[in-house]
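Notes follow once the structure below has been shown.
Model, not experiment: these values are computed from the prediction.
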Number of protein chains: 2
Amino acid sequence: MKILPDSTMQRPKRTQSGEKQPYHHGDLRAALLKAALLLIDRHGVKGFSLKDAAALAGVSTAAPYRHFADKQALLYALQGEGFVLFNAALAEAFARGETASSKIVEMGVAYVLFALHHPAHFRVMFGLNAGPESGLGPDPSRASGFLLLVEAVAALLPEASAAVRNDLVIAAWSLVHGFAWLQIEGAFAGSVEIGDVESQLRRTLTLTLPRAGQS
Amino acid sequence: MKILPDSTMQRPKRTQSGEKQPYHHGDLRAALLKAALLLIDRHGVKGFSLKDAAALAGVSTAAPYRHFADKQALLYALQGEGFVLFNAALAEAFARGETASSKIVEMGVAYVLFALHHPAHFRVMFGLNAGPESGLGPDPSRASGFLLLVEAVAALLPEASAAVRNDLVIAAWSLVHGFAWLQIEGAFAGSVEIGDVESQLRRTLTLTLPRAGQS
DNA sequence: CCTACCGATCGGTAGG
DNA sequence: CCTACCGATCGGTAGG
């Protein structure tokens, strides 16, 4: 794969006064992460190489090793970055929802929008375990957004048993994750009519969510 | 990756009478597909090579090209094979269910069991579009099992609008797909208690499915 | 952060 | 279906 340096990720230039300007505000590390995201978007996690990322950032093939021990370390960094963004989006959605069920719906919407807006992060976070021992295991910080779902479900079904709540947590998580994944993969195309993604998801979620006290 | 020939996929042997025995009942093609499935299970779709598959089947690196034009052709074959099995399993489940809602539940169970029992097929079928243009697009025959879900939902909600039915089709498909994927990826581990996978899914699905006439 | 390079792997082909 | 091989790519390192 021939990768040309991204025009937005230039090599250092000298100003008219002759000082050397650092990479991207001095942050090659960030430039490499950005390049990796772009390449993963285009070619998938396994189809991305450090050499390509270096070329896209306009540096030599050895340069990335100044910032990452190896390729996997870069992927870990991307995964961590993704979970920070993801958990923040879920927390914001949780806070925004005014009722238990709207908290759940907002979190679901945030989950899917995150996947659509950050597909490369999403793939690194959830689609990486290509094999049982692919190296990149689940990240502990994954739990943080997830616990909010557990909390919202408890609020929605205060009198339900723990088992029933557990069932609903699994249902909501599975539905939203499957929706996001199928959307990213384009699997709905041609099979189902999906207009606006967000309103489709809202309708689907509310249709599915048991009303409180009904269980 | 060093791949040793699989003891179940031996090179041709001579019987005591001296005749040459063909590969696997004369079917190297089948042996290569089987080897590919095993490698994809272990290393993911992108982590599998024709050379490894050939080695695992006990033949030279050039041999696969007698049966497949190139690597992608083998993956296509695997995808097609997967959809045949998948659609058959869904059709059987549809037929087995006695009511509309049990048809849906049985299809969901079949969907997930297929994913668990044929993870490599499942990955090739649904997890391949690593990038927007990864080559392996959706297969048309995918629709066949899917249409049965549309039919079952129509039977479940005979008086509902087409839009509502559509919402439920998307909900059911997303939920089951997400459940299967998260299960394969091991994402539930540590976060949620899942005992028996099948009964968990049955409970989750029935909890979620609107009863007929209730919408 | 660069040049130069290694050892390994990969898809694919030539020519039996 | 095999041997032998090419051209390309990749992760990573030596030694500035």
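The rotation axes computed at either terminus of the helix from dC1(C)-dG16(D) to dG16(C)-dC1(D) lie 0° apart, taking five pairs at each end and rounding to 10 degrees.
In this structure, the NE2 atom of His67(B) is 18 Å from the C1' atom of dG11(C), given to the nearest Å. Here dG11(D) presents its P atom at 13 Å from CG of Leu32(A), a figure rounded to the nearest Å. Nucleotide dT9(C) holds its P atom 16 Å from the CG atom of Leu56(B), rounded to whole Å. Between the P atom of dC1(C) and the CG atom of Leu28(A) lies a distance of 5 Å, rounded to the nearest Å. Going from atom NZ of Lys46(B) over to atom P of dG11(C) covers 12 Å, rounded to whole Å. dT9(D) atom C1' lies 13 Å from atom NE2 of His43(A), rounded to whole Å.
The side-chain contact (heavy atoms from CB on, under 4.5 Å) test with Ile170(A) is passed by exactly one of Leu207(B), Leu182(B), Thr204(B), Thr208(B): Thr204(B).
The six-membered or imidazole ring of Phe188(B) lies near that of Trp173(A), with a centre-to-centre distance under 6.0 Å. A ring-centre distance under 6.0 Å is not found for Phe68(B) and Tyr76(B).
Contact annotation: Ser60(A) side-chain N/O to dT3(C) OP1/OP2 distance is not under 4.0 Å.
Under the salt bridge (charged side-chain N to carboxylate O under 4.0 Å, His left out) criterion, Glu92(B) pairs with Arg96(B), sequence neighbours left out.
A donor-acceptor distance shorter than 3.5 angstrom exists from the side chain of Asn87(B) to the backbone of Phe83(B), with no hydrogens or angles considered.
Residues Leu201(B) and Leu113(B) fail the side-chain proximity criterion, which asks for heavy atoms closer than 4.5 Å.
Expressed to the nearest 0.5 Å, how far NE2 of His121(B) lies from CG of Asp41(B) amounts to 10.0 Å. The CZ atom of Phe126(B) sits 9.0 Å away from atom CD of Gln79(B), with the distance rounded to the nearest 0.5 Å. Atom CG of Leu39(B) sits about 10.5 Å away from atom CG of Leu32(B), to the nearest 0.5 Å.
Residue contacts shown for Phe68(B) are absent, as no nucleic acid heavy atom lies under 4.0 Å away.
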Please list each protein N or O that sits under 3.5 Å from an N or O in nucleotides 12-14 of chain C, with the distance.
residue : atom : partner  : partner atom : Å
dG12(C) : OP2  : Tyr65(B) : OH           : 3.4
dG12(C) : OP2  : Lys71(B) : N            : 2.9
dG12(C) : O6   : Lys51(B) : NZ           : 3.2

